[in-house]
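Okay, structure first, notes after.
Sequence lines set the chain letters: A, B, ... in the order given, protein chains first and strands last, and positions in each chain run from 1. Just so it is clear, the values below take in all heavy atoms, side chains as well, and ignore hydrogens, waters and symmetry mates. On a predicted model such as this, the values are computed, not experimentally measured, just so you know.
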Amino acid sequence: MFAFDSKTRIIKTSHGEIQTPVFMPVGTNATVKSLSPEDLKAIGSQIILANNYHLFLRPGSENVQKLGGIHKFMNWDRPILTDSGGFQLWSLKGKYSEDGVEFKSQIDGKNFFWTPEDAIQSQIQIGADIIMALDVCTPDKASHADTKKAMDITHSWLKRCKNVAGDTTLFGIIQGGMHKDLRIESAKFVVDQDLPGIAVGGETIGYNMDGTEEVMSWISDILPKDKPKYAMGLGLRPSDLVRAVKCGFYMFDCVAPTRLARNGALYCKDSPTERIDISKSIYALDENPIDNCCDCPTCKTYSRAYLHHLFKCKELLFYRLASMHNLRVMIRTVTKLSSHHQS
RNA sequence: UCCGUGGUAGCUCAAUGGUAGAGCUCUUCGCUGUUAACGAAGAUGUUCGGGGUUCGAGUCCCUGCCACGGAG
């Protein structure tokens, strides 16, 4: 079950509604690192993302299915989107052909071969509310010829994914790198498939925000108003989300908030870099919260000095408190944009 | 008091008589559909003091100081 109301910008799924624009915390291994489902709800997470590639390798998509599906498995009753694994297979240097992609398990080095149909079947077994087509990610600086080749495979795979998705909500992914004609061609192709949602992917997206805005401007007129538009991997900084929403995109995911949190970089709007490095000794006696205006559980209770101390000691509580803060900042950022649009 | 062992970077310790190093700490930088509670770079020395041997001593010899262990 899937529906999108373009007036309220609310997505409806069988696991509940999602008010867009939305930021989806990344829970690669059926967990958002260091956080419980209760923690995620406390900071307003409406939907989370999990990863097909990782869950396929461990515990195995079939096992997730046997255990009642990912919602039951991880005790998360709100919507879940799975990434197809396209990005992982690209970054792990999988060998691509028209037929599929050959890759090595990062866990034990075992060889696998996935057709686009395999990637869909695995995601259906996992049981996400929204699944992604298997695509070929394109590097920021790829030549026109290489980009076209990757795009053509992505398109033919999208049709094959669609053929086996059945009732499951499938999003297609626009590729085309930094080449205007290819992005336009790809956008038209994906739109023509008439899928419930449309994503834009590629290394550029989120990684190079000026390039991202350019890509979005090329395709904005082609994209339908009545479907959710998802910018994959975008969300390094809160301001990136603001820029992308202005370009008409409403769904985002990024590992940055949680990874940066674990590495001591905490979002703070008072800083020119939009974040502070809590490891620095200037915070050792700083009794202020990370951000005075933040409404997250961490800022309501704990000081920079305490977080600095926990980080220096590599105490486990730090990762949880820091992750809740960074995710809350991202979620609040897009929530504010939602109310602006409606008023 | 005697015997033994040791003293090298802030810490724990390397270094056949031949340019004093590592890990941690510290400082700085990075992190983008998570191979990432990670990665990269940088800083730091009267080698306990004083003498001696040697072309050359952290290293060998003498001596003092300090720490630890054992004996009394």
Practice problem: Look at all strands and tell whether A/R320 reaches a base, only sugar-phosphate, or nothing, counting heavy atoms closer than 4.0 Å. | Solution: nothing
Quiz prompt | Complementary nucleotide of B/A9, counting Watson-Crick and G-U pairs under 3.5 Å | solution = none
Practice problem: State whether A/S281 places a side-chain N or O below 4.0 Å from either non-bridging phosphate oxygen (OP1 or OP2) of B/C26. | Solution: no
Quiz item: Roughly how far apart, to the nearest Å, are B/C66 and B/G39 at atom C1'?
Solution: 42 Å
Quiz item: For B/C26, does either OP1 or OP2 sit under 4.0 Å from a side-chain N or O belonging to A/K312?
Solution: yes
Practice problem: With heavy atoms under 4.0 Å as the rule, sort A/T258 into base, sugar-phosphate or nothing. | Solution: base
Quiz item: Reckon A/L81 touches a base, only the sugar-phosphate, or nothing at all at heavy-atom distances under 4.0 Å?
Solution: nothing
Quiz item: Roughly how far apart, to the nearest Å, are B/U19 and B/U53 at atom C1'?
Solution: 23 Å
Exercise. Identify whether any heavy atom of A/D253 sits under 4.0 Å from a base atom; if not, whether one sits that close to sugar-phosphate; answer base, sugar-phosphate or nothing.
Key: sugar-phosphate
Practice problem: For the pair A/F23 and A/F252, evaluate ring pair (Phe, Tyr, Trp, His ring centres under 6.0 Å) and give the outcome as yes or no after the intermediate values. | Solution: CA-CA 5 Å; A/F23 182 81; A/F252 311 98; 7.5 Å; no
Self-check item: Cationic N near anionic O, under 4.0 Å, A/R237 to A/D240
Solution: yes
Self-check item: 5′-ward residue of the pair A/A50/A/Y319 relative to RNA chain B
Solution: A/A50
Quiz item: Taking atom C1' in both B/A9 and B/G45, what distance in whole Å separates the two?
Solution: 5 Å
Quiz item: Considering only the C1' atoms, how many Å lie between B/G7 and B/C13, rounded to the nearest integer?
Solution: 12 Å
Self-check item: Assigned partner base of B/G49, Watson-Crick or wobble definition, under 3.5 Å
Solution: B/U63
Self-check item: Separation of atom CE in A/M132 from atom P in B/U34, rounded to whole Å
Solution: 11 Å
Exercise. Ignoring backbone atoms, establish whether A/S91 has a side-chain N or O less than 4.0 Å from OP1 or OP2 of B/U34.
Key: no
Practice problem: Looking only at side-chain atoms of A/Y207, point me to the closest of B/U32, B/U35, B/A37. | Solution: B/U32
Self-check item: Nucleotide paired to B/U54 in any strand shown, Watson-Crick or G-U, under 3.5 Å
Solution: none
Exercise. Identify which nucleotide among B/C31, B/U34, B/U27 has an atom closest to any side-chain atom of A/L260, counting heavy atoms from C-beta outward.
Key: B/C31
Practice problem: For nucleotides B/A43 and B/U5, find the distance between their P atoms and express it as a whole number of Å. | Solution: 39 Å
Quiz item: Within the side chain of A/S186, is there an N or O that forms a donor-acceptor pair under 3.5 Å with the backbone of A/L182?
Solution: no
Self-check item: Separation of B/G39 C1' from A/D277 CG (nearest whole Å)
Solution: 14 Å
Practice problem: Once you apply the 3.5 Å cut-off to both distances, tell me the Watson-Crick or G-U wobble partner of B/U32, or none. | Solution: none
Exercise. Classify the nucleic acid contact of A/Q175 as base, sugar-phosphate or nothing, counting any heavy atom under 4.0 Å across all strands shown.
Key: base
Quiz item: 5'-most contact on RNA chain B: A/F311 or A/T138, nearest heavy atom basis?
Solution: A/T138
Quiz item: Where do A/K141 and A/D146 land on the salt bridge (charged side-chain N to carboxylate O under 4.0 Å, His left out) test, with the steps shown first?
Solution: CA-CA 10 Å; A/K141 289 180 177 135; A/D146 288 347; over 6 Å; no
Self-check item: Whole-Å gap separating P (B/G33) and CG (A/N51)
Solution: 10 Å
Quiz item: So which nucleotide does B/C2 pair with, by the Watson-Crick or G-U wobble rule with both distances under 3.5 Å?
Solution: B/G70
Quiz item: What is the distance, rounded to the nearest whole Å, between atom CZ of A/R275 and atom P of B/C29?
Solution: 10 Å
Quiz item: Does A/K41 come within less than 4.0 Å of A/D77, counting only side-chain N to carboxylate O?
Solution: yes
Quiz item: If the P atom of B/C11 is compared with that of B/U47, how far apart are they to the nearest Å?
Solution: 15 Å
Self-check item: Residue A/F87, side-chain atoms from C-beta onward, closest of B/A36, B/U27, B/G33
Solution: B/G33
Quiz item: Would you call A/K227-A/D194 a salt bridge at under 4.0 Å N-O?
Solution: yes
Practice problem: Classify the nucleic acid contact of A/G202 as base, sugar-phosphate or nothing, counting any heavy atom under 4.0 Å across all strands shown. | Solution: base
Practice problem: Send over the distance from A/N263 CG to B/A41 C1', rounded to a whole Å. | Solution: 16 Å
Practice problem: Using a strict 4.0 Å threshold on nitrogen-to-oxygen distance, state whether A/R243 and A/D210 make a salt bridge. | Solution: yes
Quiz item: In the structure shown, which nucleotide is the Watson-Crick or G-U wobble counterpart of B/G17, with both distances under 3.5 Å?
Solution: none
Quiz item: Checking all strands, does A/L234 fall into the base, sugar-phosphate, or nothing category for heavy-atom contacts under 4.0 angstrom?
Solution: nothing
Quiz prompt | Residue-phosphate contact under 4.0 Å: A/R259 side-chain N/O, B/A37 OP1/OP2 | solution = no
Quiz item: Which value, in whole Å, describes the distance between the C1' atoms of nucleotides B/A57 and B/U8?
Solution: 14 Å
Quiz item: Could you walk me through whether A/K188 and A/D192 pass the salt bridge (charged side-chain N to carboxylate O under 4.0 Å, His left out) check?
Solution: CA-CA 6 Å; A/K188 284 179 175 165; A/D192 281 348; over 6 Å; no
Quiz item: Of the nucleotides B/U27, B/U32, B/U35, which has the atom closest to the A/Q88 side chain?
Solution: B/U35
Self-check item: Given B/C31, B/U34, B/C38, the nucleotide with the shortest approach to the side chain of A/K314
Solution: B/C38
Exercise. For A/E98, look at atom CD and say whether over 12 heavy atoms of other residues, nucleotides or ligands are found less than 6.0 Å away.
Key: yes
Practice problem: Could you tell me the separation between the CZ atom of A/R262 and the C1' atom of B/G39, rounded to a whole number of Å? | Solution: 13 Å
Exercise. Write down the distance separating the P atoms in B/U16 and B/G4, rounded off to the nearest Å.
Key: 24 Å
Exercise. Would you mind reading off the distance between A/L49 atom CG and B/U32 atom P, rounded to a whole angstrom?
Key: 15 Å
Exercise. Counting heavy atoms from C-beta on, name the nucleotide in B/U34, B/U32, B/C29 closest to the side chain of A/K280.
Key: B/C29
Practice problem: Rounded off to whole Å, could you give me the CZ-to-C1' distance for the A/F249 and B/U32 pair? | Solution: 16 Å
